[in-house]
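These notes concern the structure reproduced below.
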2 protein chains.
Amino acid sequence: MISGKFAITIHILTLLNKFPNDYLSSEFIAGSINLNPVLVRKEIANLKAHHIVESKEGKNGGTKLAVDSSKLTLKEIFEMTFETIGLGYAKNQPNPDCPVGKKINQNLDALYAEMNQKVSAQLEGISLEDFSNQF
Amino acid sequence: MISGKFAITIHILTLLNKFPNDYLSSEFIAGSINLNPVLVRKEIANLKAHHIVESKEGKNGGTKLAVDSSKLTLKEIFEMTFETIGLGYAKNQPNPDCPVGKKINQNLDALYAEMNQKVSAQLEGISLEDFSNQF
DNA sequence: TACATTTGTAACATATTTTATTACAGTATG
DNA sequence: CATACTGTAATAAAATATGTTACAAATGTA
């Protein structure tokens with residue numbers, strides 16, 4: 001469920017923020033992350049769907065930020081790449097004839113929802129610009 | 001990194017707490033979770049290493065709680081099954097010649113450390129007894 | 001004692017998820 | 001019209017998680 005999408009996406013966005021006037025190619029970005037360019041383009045496709053970046057096809061094409069980095073928060077990036085954090089569920093259908101099995105996922109859901117609120121509140125206080133300024 | 005261990009472990013502990021006077025077999029527990037008994041025994045081995053439960057081998061054997069469930073917090077369970085939550089890292093070594101690649105994991109670390117503090121604070125306020133009483 | 005039941009653990013097998021690669025059509029630049 | 005990109009699908013490989021089999025060792029019970 002939790003993969004490196006957030007890390008990849010924030011890496012991409014940090015680079016775009018460092019070069020606000022250039023269209024960066026997926027190849028260039030992939031070289032900084034040390035990742036396959038196709039995977040970079042996939043994350044960029046997601047960012048485009050959320051209107052965070054814009055791309056230009058063809059020669060000298062690439063991607064650049066389409067929003068003000070002081071307005072974009074890590075919470076929004078988090079939500080774009082993961083729905084939630086959590087600590088997993090019983091993978092198989094737990095036994096519905098057991099009072100615990102019957103309610104376990106529901107109770108875990110409630111717990112994780114609260115976790116997400118805490119984390120969201122934290123991430124909402126950090127803009128891409130803030131994050132980028134650490135470099 | 002993040003798997004279903006927390007969910008499985010808390011399910012086990014909730015069951016043990018519901019039957020404080022019995023040694024529950026891994027087979028019984030597995031039946032509630034709908035999981036292979038060997039995997040249950042593996043999580044129990046971890047709990048034993050932390051002195052949270054005790055087991056009895058042989059016929060009529062099984063496992064029972066060894067601590068007061070009002071004193072055991074979800075934070076401790078969390079720490080027993082995961083070191084940390086997080087949103088991943090660039091999997092491959094990012095490019096050390098790029099200012100962003102060079103520091104990205106370090107900056108993500110700092111971010112995740114803060115996330116863990118928030119979540120830990122939340123989980124510290126919930127005992128196994130509290131969680132168990134929801135069923 | 002002999003048997004049944006259960007833990008503990010290792011070795012192996014399968015399934016799932018993540019990451020990588022290849023390929024190529026479409027688009028813009030010079 | 002050659003070059004250098006994006007976009008995307010199909011496939012492959014690698015990593016991780018989950019499941020299974022097997023069996024020694026322990027312990028209660030007839």
Side-chain angles (χ1 to χ4, degrees), chain A residues 1-9 11-12 15-16 19 22-31 33-66 81-83 86-94, chain B residues 1-9 11-12 15-16 19 22-31 33-66 81-83 86-94:
Chain A
M1 188 198 302
I2 287 189
S3 68
K5 275 168 189 261
F6 177 83
I8 292 169
T9 297
H11 194 145
I12 293 169
L15 285 170
L16 295 179
F19 299 93
D22 298 323
Y23 282 90
L24 302 185
S25 74
S26 61
E27 184 102 14
F28 174 84
I29 295 169
I33 307 180
N34 188 13
L35 194 72
N36 193 289
V38 174
L39 301 179
V40 171
R41 298 206 285 270
K42 273 185 186 160
E43 292 313 312
I44 284 173
N46 184 35
L47 288 168
K48 278 178 60 181
H50 288 88
H51 309 100
I52 304 300
V53 303
E54 57 186 61
S55 294
K56 202 168 67 172
E57 294 187 30
K59 190 164 177 180
N60 300 329
T63 302
K64 74 192 214 21
L65 263 189
T81 54
F82 299 95
E83 319 80 71
L87 301 172
Y89 295 93
K91 183 140 203 176
N92 304 319
Q93 197 58 246
Chain B
M1 184 201 300
I2 288 189
S3 68
K5 276 167 189 260
F6 177 84
I8 292 169
T9 298
H11 195 145
I12 293 169
L15 285 170
L16 296 179
F19 299 94
D22 298 324
Y23 283 90
L24 303 185
S25 74
S26 61
E27 183 103 14
F28 175 84
I29 295 169
I33 307 181
N34 188 14
L35 194 71
N36 193 289
V38 174
L39 300 180
V40 171
R41 296 205 286 270
K42 273 184 187 163
E43 292 313 313
I44 284 173
N46 183 37
L47 289 167
K48 278 178 61 182
H50 288 89
H51 309 100
I52 303 300
V53 302
E54 57 186 61
S55 294
K56 203 169 67 174
E57 294 186 31
K59 190 166 179 178
N60 302 327
T63 303
K64 73 190 210 33
L65 264 186
T81 54
F82 300 95
E83 318 80 72
L87 300 173
Y89 295 94
K91 185 138 204 180
N92 303 320
Q93 198 59 246

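Chain A is the first sequence line, chain B the second, and so forth, proteins listed ahead of strands; every chain is numbered from 1. The figures that follow rest on heavy atoms only: side chains count, while hydrogens, waters and symmetry mates do not.
One interatomic measurement links the two molecules: CD1 of A:I44 to C1' of D:dT6, which rounds to 9 Å at whole-angstrom precision. Spacing between atom CD of B:E57 and atom P of C:dG8 amounts to 5 Å, rounded to whole angstrom units. In this entry the distance linking CZ of B:F28 with P of C:dT6 reads 12 Å, nearest Å. Rounded to a whole Å, the CD atom of A:E43 is 12 Å from the P atom of C:dA20. Atoms OH (B:Y23) and C1' (D:dA26) sit 14 Å apart, rounded to a whole Å. As rounded to whole Å, 15 Å separates atom C1' of D:dT6 from atom CG of A:L39. Remark: C1' of C:dG8 and CD of B:E54 are 17 Å apart, rounded to the nearest angstrom. At whole-Å resolution of the value, CD1 in B:I33 and P in D:dT18 are 12 Å apart.
Under 3.5 Å, the side chains of A:S55 and A:T63 contain a donor-acceptor pair of N or O atoms.
Across all non-hydrogen atoms, the minimal contact from A:L16 to A:V53 is CD1-CG1, 3.6 Å. When every heavy atom of A:Y23 is checked against every heavy atom of A:N60, the shortest pair comes out as CB-O, 4.3 Å.
Projected onto DNA chain D by closest heavy-atom contact, B:K42 and B:K59 fall at different nucleotides, the more 5' of which corresponds to B:K42. Both A:R41 and B:S25 lie close to DNA chain C; mapped to their nearest nucleotides by heavy-atom distance, the more 5′-ward contact belongs to B:S25. A residue-by-residue look at B:K56 and A:K48 shows that A:K48 has its nearest nucleotide of DNA chain D further toward the 5' end.
The side chain of B:N36 lies closest to D:dT20 when the candidates are C:dT21, D:dT20, C:dG30. Considering only side-chain atoms of A:L35, the nucleotide from C:dA20, D:dT6, C:dT7 that sits closest is C:dA20. Closest to the side chain of B:V38, out of C:dA10, C:dA23, C:dT27, is C:dA10.
Between atom CG of residue B:L65 and atom CG of residue B:L24 there is a gap of 9.0 Å, rounded to the nearest 0.5 Å.
At the heavy-atom level, B:S26 lies under 4.0 Å from the strands shown only through sugar-phosphate atoms.
In terms of phosphate contacts, A:N60 brings no side-chain nitrogen or oxygen within less than 4.0 Å of OP1 or OP2 of C:dA28.
Ion pairing of A:K5 with A:E43 is present here, as a side-chain N (NZ or NE/NH1/NH2) and a carboxylate O approach within less than 4.0 Å.
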